[in-house]
Structure formats: structure tokens, C-alpha cells
2 protein chains.
Amino acid sequence: MLALTWIVANEVALVKRRVSLVRQRAIASVPRTRSTAAQPVRMEDVARAVRVSSITVSRALNTPDKLAPATLRAVRAAIERLRYVPNLTAGSLASNRSHIVAVVVPTIANSIFAETINGLAQTLSQQGYQLLLGQTQYQVEEEAALVDAFLGRRVDGVVLTGVAHARGVRSRLHRAGIPVVETWDLSARPIDMVVGFSNRAAGQAAGRYLIAKGYQSLAFIGGTDDRSAKRLAGFREVARECGAKEVSAVLLPASSSPADGSAAVAGLLAKKAPRAVFCSNDMLAAGVMFECARRQVDVPDRLAVMGFADLPIALGIEPSLTSVQVHATEMGQRAGELLLRRLAGDAVRERIVDLGFAVVERASA
Amino acid sequence: MLALTWIVANEVALVKRRVSLVRQRAIASVPRTRSTAAQPVRMEDVARAVRVSSITVSRALNTPDKLAPATLRAVRAAIERLRYVPNLTAGSLASNRSHIVAVVVPTIANSIFAETINGLAQTLSQQGYQLLLGQTQYQVEEEAALVDAFLGRRVDGVVLTGVAHARGVRSRLHRAGIPVVETWDLSARPIDMVVGFSNRAAGQAAGRYLIAKGYQSLAFIGGTDDRSAKRLAGFREVARECGAKEVSAVLLPASSSPADGSAAVAGLLAKKAPRAVFCSNDMLAAGVMFECARRQVDVPDRLAVMGFADLPIALGIEPSLTSVQVHATEMGQRAGELLLRRLAGDAVRERIVDLGFAVVERASA
DNA sequence: TTGTATGCGTTATCAG
DNA sequence: CTGATAACGCATACAA
């Protein structure tokens with residue numbers, strides 16, 4: 001039986017080779033089906049040109065040090081000459097490594113997440129990893145669909161925003177057994193790893209800062225998402241502890257434009273106006289300040305404004321904006337580093353990375 | 001010979017099947033190699049559970065209408081029960097369709113490109129396509145490396161920013177024979193398709209607008225990239241034609257932050273100050289206006305400011321910013337539609353889509 | 001409506 | 001340092 005099998009395999013190999021030759025000739029002579037058909041150059045074609053086996057070509061690509069210099073040169077020349085483009089899809093299937101990392105953010109239109117993605121991309125690209133982008137547009141349920149699709153693609157890792165996830169996301173990621181990094185928040189029980197800061201503590205810090213400045217009547221403008229809610233919660237805690245008045249809050253779904261900030265503060269000013277307002281996003285804060293300029297409400301003398309994230313506009317705007325700095329780019333970089341270490345097989349001890357935040361005092365509050 | 005081949009194939013199949021069974025048992029009993037190994041559930045496992053062939057499972061996933069309702073139900077139940085996650089990598093290899101589209105932008109930190117990506121993602125996701133993200137950080141040479149990597153992944157389509165590309169990009173994309181959409185500019189000879197607007201015409205329009213407003217002494221603040229250069233060229237053309245003074249220009253590499261705008265206008269004001277300044281980006285324009293506020297230079301009475309892109313901040317800022325609107329989101333949507341049509345096999349007649357632009361008059365100029 | 005045979009282009013494994 | 005062989009998991013083409 002064994003012998004038979006062996007012969008059989010050989011026969012098949014012969015047949016295969018003949019088929020392969022036919023296929024090759026067809027490609028060379030027949031006019032291409034469409035305008036410019038896909039490149040039919042495979043690893044084997046390169047191998048044939050150099051009279052080596054295809055595994056040698058594979059090694060020239062992946063582990064060049066393991067080849068004799070002459071062989072390497074010859075293979076590389078052939079690759080160049082034939083314009084061979086390795087099929088990474090096939091490689092992924094065979095090696096069970098896609099070299100793709102998926103990242104899920106609410107939206108890249110909010111440039112603060114764009115910064116994190118920048119840091120991530122920068123770190124990952126150094127090791128040849130690429131980024132598959134998913135946006136939920138603040139629709140939490142979208143996250144599940146995105147994660148499913150990503151797992152189907154057998155991404156090597158996943159980066160999520162926040163620690164509150166759609167149903168099933170946690171278990172599915174867990175089952176997949178790939179490294180996962182949650183960002184932009186902290187959790188005592190991360191899916192796998194988390195790098196971020198405490199949104200609640202950031203809200204508390206903002207509250208303490210404003211109260212220390214003597215502002216007693218506080219307001220909050222922010223989003224309806226989990227992280228913004230945590231900031232509000234922290235903010236309110238401190239206000240309560242310090243005996244400040246009840247914090248009025250305006251919550252806008254998926255908002256990060258100045259226009260939203262303007263509209264929100266307009267509503268706030270119409271009632272009993274607060275003395276200081278903490279915005280969950282610098283763009284909202286900018287909108288608040290623009291509206292104040294229009295209404296000749298002096299900032300900070302009549303209304304103090306504090307932002308969040310410390311975007312470039314915080315430093316640029318007049319008066320400059322007091323804000324909470326959160327290391328968005330570094331968050332992406334650290335997330336990338338954690339993933340890379342795990343993908344390299346190294347154990348990661350520090351699974352919870354608190355990057356902290358910093359209240360940056362400027363002119364607006 | 002034919003008969004022999006046939007027998008041979010059958011024998012191999014038998015051998016294979018036995019191997020397969022062995023493998024299966026091994027998976028079931030042997031402790032998994034790592035902590036939580038990847039899911040070993042394959043299409044065949046689902047098929048076996050339902051007592052159908054694996055192609056039936058494949059059809060349940062891809063063409064459910066072609067199955068008997070009862071079969072479909074059974075397969076779906078098994079998929080659920082076994083938590084089967086289809087391996088799209090294997091599917092891609094077999095079908096030669098990755099269902100991935102790559103997009104290359106200078107940076108998503110500039111939210112205007114984020115808008116385009118949003119439009120693109122939105123359109124593509126409707127058909128199950130996903131987005132591989134590449135950023136050049138305004139380093140033109142990066143584009144070539146990104147495109148190479150993307151082609152290696154056998155992406156189904158590519159979206160590029162601009163029409164000026166790194167060496168070899170054009171030919172490589174052409175050879176790949178996949179649909180390509182260039183955006184954010186126009187070209188009479190696109191790689192494949194292009195959807196955007198004429199940056200030169202936009203610069204001209206800005207120039208005409210400012211001159212019609214009576215401003216004779218003009219300046220320009222922008223980037224060093226190709227599109228910004230074209231806007232400047234158009235701007236200067238009009239200035240020359242209309243007998244305005246020579247346009248002084250400040251060109252900053254890869255800039256889109258208010259701080260850059262502030263610094264640039266500071267330099268401009270130090271010399272013989274212009275009467276109006278056209279900024280290649282609304283964030284730069286915002287920085288200009290912030291600096292003017294600090295220096296008590298009235299906008300528009302002493303310095304008129306015009307922006308570009310019509311970001312949300314243009315409407316929000318005080319005074320509101322006159323800008324050139326460019327339909328960034330729609331650009332992404334149209335790019336996505338063009339790709340989808342081509343990927344569906346439809347011919348695309350309109351390979352050059354001019355979305356135009358619009359000067360939006362507001363208070364700053 | 002369902003199944004069989006085959007190949008997609010690469011890498012892992014083991015042998016030399 | 002190089003090679004033979006067998007997967008990787010699915011979809012296409014055709015047959016029934």
C-alpha cells in the first residue's frame with residue numbers, strides 16, 4: 001500500500017506538471033481575456049527560471065539569510081525580471097498568518113482617533129503588518145459585525161476602541177485566540193490587553209481643576225458613548241463631593257463638530273448660565289468658544305471653557321483652550337507594540353497599560 | 001493513460017481522506033498547542049455534521065437561494081452550533097477575489113481625507129468589501145511601497161489620493177489589471193478612473209473671488225504637495241491676469257494644523273502685509289484667524305481670509321470662514337460606486353468624474 | 001438541488 | 001544550504 005501510494009503520487013506529479021506546462025503556454029500565446037488580466041506569474045515560474053525549487057524562492061523572500069548568496073542573487077534577479085508579485089493571500093493560508101491587524105474606531109472623522117490609528121499604523125508597518133479599518137459610527141452594534149468580518153479574514157490581531165462592546169464580541173475574540181488590545185479606556189478585566197487611561201478619573205480631574213479655580217456652577221457637553229459617559233460621571237462625582245451645584249449636561253449623539261458645541265452652549269446660556277463648561281471634545285469646546293465670541297460672552301471671565309483630548313486647535317485657538325491631554329498617538333503605538341510582542345511569541349506581562357492624562361492649563365479656564 | 005490517471009486520482013483521494021480522519025481525531029483529543037489555539041472548525045466539519053458535502057455549506061453561505069430551504073436551515077443551525085467562522089483567506093485564494101479595497105491617503109489626521117474614506121467605506125461595506133488603509137504621510141515614495149504591499153494582498157481595487165504618483169505606481173497598477181480610482185484631483189489620462197475636481201480651477205476661483213471683492217494684494221499659505229501646488233498655480237494665474245500684485249506664498253510641508261497657519265501669517269504680517277490670504281486648508285485658515293485675533297488684526301477689514309475644503313470649523317468659527325467646498329464625502333462614495341460597478345463586471349463609461357467645487361461666501365472674506 | 005474532482009499559490013515539515 | 005511532498009480551506013466547473 002505504501003509503495004502504491006508513492007507511485008501514485010509520482011504519477012500525479014507528472015500529470016500535474018504536464019498540465020502546468022500547457023497552462024503556461026496558453027498564457028504566453030493566447031490574447032489576454034480582458035484588457036489587462038491579472039498577473040499569472042507564480043513562485044513556481046520564478047523557480048523554473050532560476051532552475052531551483054519554489055521553496056527556494058520562498059526562502060529568498062522570507063528568510064534570505066538561509067540561502068547561498070549566489071542563489072539569492074539569481075532568484076532576486078528573476079523576481080525583478082518576471083515582475084513577480086508574491087501572493088500574500090496564498091501565503092496567509094499556508095502559514096496561518098495574515099500579517100493584517102484590524103482596528104475598530106467610532107469614526108476617523110474625529111481626528112483624535114485618527115491620531116491613535118497613526119501611531120498604530122506606524123508601529124505595525126515596521127514589521128510589515130497592515131491595517132484593516134472598521135468604523136462603527138458610534139453604533140455599538142456595528143462592532144459585532146465588523147469583528148465577525150475581521151475574524152473571517154483571520155486577522156492576526158484586533159485593536160478596539162473602549163472597553164464596552166457589543167454582545168458576543170468578547171467571547172468571539174476570546175475564542176479566536178488572537179491578541180486583542182482595547183484602547184481609550186481602562187478595564188480591570190480586559191478581553192486581552194488594554195492601553196488607555198481612566199475616563200472617569202479624567203472627568204474627576206477636570207472637575208477638580210475647575211472647582212479649584214473657583215467655578216461653582218458647572219456644565220458638561222459631551223457624547224452619549226460609554227467613554228464620554230464615564231467622564232461625565234467622574235465630573236459629577238467631584239462636583240457633588242465639593243458641594244458644587246448640580247452639573248447640567250448636554251449629551252449629543254456622535255458629535256464632534258464646532259456647530260454642535262455652539263448649539264449646546266446656546267441652550268445652556270439660555271437658562272441659568274453655568275460659570276464653567278467641560279466639553280468632552282476640543283472641537284465641541286471650540287464651538288462653545290465661537291458661540292461665546294458671537295454673543296460677546298467673555299471667555300474665561302464670564303464662562304470658563306475646558307476641552308478634552310488636547311487637539312492642535314486647543315493650542316491655536318484664541319484664547320487658548322485648557323484641555324485634558326490624553327496621548328492619543330502613543331496609545332496607538334503602545335497598542336501596536338503589545339500586539340507585535342505577542343505576535344512574535346513573547347509573553348506580555350503588563351496587560352493593562354495606563355497612559356494617564358494631564359490637565360493642560362491655558363487661558364480659557 | 002487516461003484510465004490510469006483516473007484510478008490514480010481516486011487512490012490519492014482515499015489516502016487523503018484517511019489522513020484527514022487522523023488529523024481530525026488528533027484535534028479532538030490532543031491538548032491544544034498554545035493557550036487558546038485558532039478555531040479548527042472548517043467547512044467540512046459543518047458539512048459532516050449535516051451529512052452534506054462541503055460545497056453545500058459553501059452555497060449556504062454564498063448563494064443561499066440555490067439550496068432547499070430545509071437544507072439551508074440545517075446548515076445554518078450547524079454553523080451556529082459549531083461556531084463556524086468561514087475562512088475568507090481560503091475563499092479569496094480559491095475565488096481570486098479578496099473583497100478588500102485598498103485606500104491610500106496622505107494622512108487621516110487631516111479630517112478632510114477622513115471624510116472621503118468615510119464615504120468610501122460606507123459605500124463599499126454595503127457589498128461586503130473592506131478597507132485596507134495606507135498613509136503616505138505626504139512622503140510620495142511611500143506610495144510605491146504601499147501599492148506593492150496591497151497588490152501582494154491581491155486587493156480587488158485601489159483608491160489613491162491625487163494624480164501624481166511615485167515611480168512605477170502607474171505601471172504596476174496597470175499590470176495588475178484591477179480597478180483603480182484616483183481622487184482629489186482630475187487628470188485627462190487617469191490610471192483607470194478618477195473622481196475629483198480641478199485643483200487649478202479651484203485656485204483660480206479663489207483668486208477671482210478675492211479680486212472681485214476688491215483685494216489687490218494677495219498671499220497664499222499651503223502645502224508642498226502636488227494638489228496644493230496646483231491651487232497656488234491657479235491662484236497666481238488669475239492674480240497675474242487681473243493685474244494684482246505678485247502673490248507671496250508660504251509653503252509648509254505636510255501641514256494642516258492651526259499652529260502652522262498662525263506661524264505662517266505671522267511671517268506674512270511682519271513684511272508688507274497682504275490684504276487677503278488664501279489658505280489651502282481650513283485648519284490653516286483657522287490658525288491665521290486665531291493669530292489675527294491675538295494681534296488685533298481685524299478679519300476681514302484688515303486681512304481677508306479664505307480657506308479650503310469647507311470643514312465644519314469654517315461654519316463654526318467667528319467670523320465664519322469663506323471657503324471652497326469640495327464634496328469630500330461624495331468623492332469617496334463615488335469612488336466606491338465606480339469600483340463596485342467594475343467589480344460587478346459592468347463597464348464604466350464615465351471614467352473621469354468632475355465633482356466640481358463651490359466658493360462658499362461667509363464673513364471672513 | 002446536490003455532489004465530485006480539482007486547483008488556487010504559498011509555507012511547514014521533514015529529508016538529504 | 002536545498003528539495004520533495006503535503007497541507008492550508010475554500011470555490012469553480014462540471015456532472016448527476
Side-chain angles (χ1 to χ4, degrees), chain A residues 5-6 8-10 12-13 15-17 19-20 23 38-47 50-72 74-75 84-99 152-154, chain B residues 5-20 22-23 26 38-47 50-72 74-75 84-99 152-154:
Chain A
T5 309
W6 193 86
V8 157
N10 249 19
V12 169
V15 172
K16 260 200 182 173
R17 194 162 303 162
V19 169
S20 180
R23 166 154 130 54
Q39 313 174 354
V41 182
R42 297 154 307 161
M43 197 173 258
E44 193 183 328
D45 299 318
V46 176
V50 190
R51 298 180 180 287
V52 295
S53 78
S54 50
I55 190 67
T56 299
V57 178
S58 174
R59 284 198 261 255
L61 258 21
N62 301 322
T63 52
D65 347 307
K66 296 190 174 179
L67 287 192
T71 313
L72 184 55
V75 171
Y84 167 62
V85 180
N87 186 328
L88 302 183
T89 299
S92 295
L93 181 59
S95 67
N96 200 27
R97 284 296 216 100
S98 64
H99 283 262
R153 295 220 182 273
R154 300 299 191 265
Chain B
T5 309
W6 192 87
I7 293 168
V8 157
N10 249 18
E11 279 293 336
V12 169
L14 285 174
V15 172
K16 260 199 181 173
R17 194 163 303 161
R18 182 158 335 125
V19 170
S20 181
V22 169
R23 162 153 132 56
Q39 313 174 351
V41 182
R42 298 154 305 161
M43 196 173 260
E44 195 182 325
D45 299 318
V46 177
V50 191
R51 297 182 182 287
V52 295
S53 77
S54 50
I55 189 66
T56 299
V57 179
S58 173
R59 284 197 261 256
L61 258 21
N62 301 323
T63 54
D65 346 307
K66 295 191 173 180
L67 287 191
T71 314
L72 184 57
V75 171
Y84 168 61
V85 180
N87 186 327
L88 301 184
T89 298
S92 294
L93 181 60
S95 68
N96 201 27
R97 284 295 217 99
S98 64
H99 282 263
R153 295 222 182 272
R154 298 301 190 264

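Side-chain atoms are counted along with the backbone in the values below, which use heavy atoms only and exclude waters and symmetry mates. We name chains A, B, ... by the order of the sequence lines, and we start the count at 1 in each one.
By the 4.5 Å heavy-atom criterion applied to side chains, A:Ile55 and A:Ser58 are counted as neighbours. Between B:Glu44 and B:Val57 the shortest side-chain heavy-atom distance does not fall below 4.5 Å.
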Going through the checks in order, is the side-chain contact (heavy atoms from CB on, under 4.5 Å) test met by B:Arg59 and B:Leu72?
CA-CA 9 Å; B:Arg59 284 197 261 256; B:Leu72 184 57; over 6 Å; no

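Atom OH of A:Tyr84 is separated from atom P of C:dG9 by 10 Å (rounded to the nearest Å). Rounded to a whole Å, the CG atom of B:Leu88 is 18 Å from the P atom of D:dC8. Atom CE in A:Met43 sits about 8 Å away from atom C1' in C:dT11, given to the nearest Å. Straight-line distance from the CZ atom of B:Arg153 to the C1' atom of C:dG9: 15 Å, rounded to whole Å. What separates CG of B:Leu93 from C1' of D:dC10 is a distance of 8 Å, to the nearest Å. The CD-P distance, from A:Glu44 to D:dG3, rounds to 13 Å in whole Å. Atom pair B:Arg154:CZ and C:dC8:C1' shows a separation of 11 Å (rounding to whole Å applied).
Shown here are the side-chain hydrogen bond (donor to acceptor under 3.5 Å, both in side chains) partners of A:Thr89, two or more places apart in sequence or in another chain: there are none. Residues satisfying the side chain to side chain contact (heavy atoms under 4.5 Å, CB included) test with A:Ala90, not counting sequence neighbours, are A:Asn87, B:Leu93. Under the side chain to side chain contact (heavy atoms under 4.5 Å, CB included) criterion, B:Thr56 pairs with B:Val52, B:Ser53, B:Leu67, B:Thr71, B:Val75, sequence neighbours left out.
Within a heavy-atom distance below 4.0 Å of DNA chain D, the residues of residues 50-68 of chain A found are A:Val52, A:Ser53, A:Ile55, A:Thr56, A:Arg59, A:Lys66, A:Leu67, A:Ala68.
Closest approach to the B:Asn87 side chain among C:dT1, D:dG9, C:dG9 is made by D:dG9 (side chain taken as heavy atoms from C-beta onward). In the set C:dG9, C:dC8, C:dT2, the nucleotide with an atom closest to the side chain of B:Ala94 is C:dC8.
Among the atoms of the strands shown, none is found under 4.0 Å from any heavy atom of B:Ser92.
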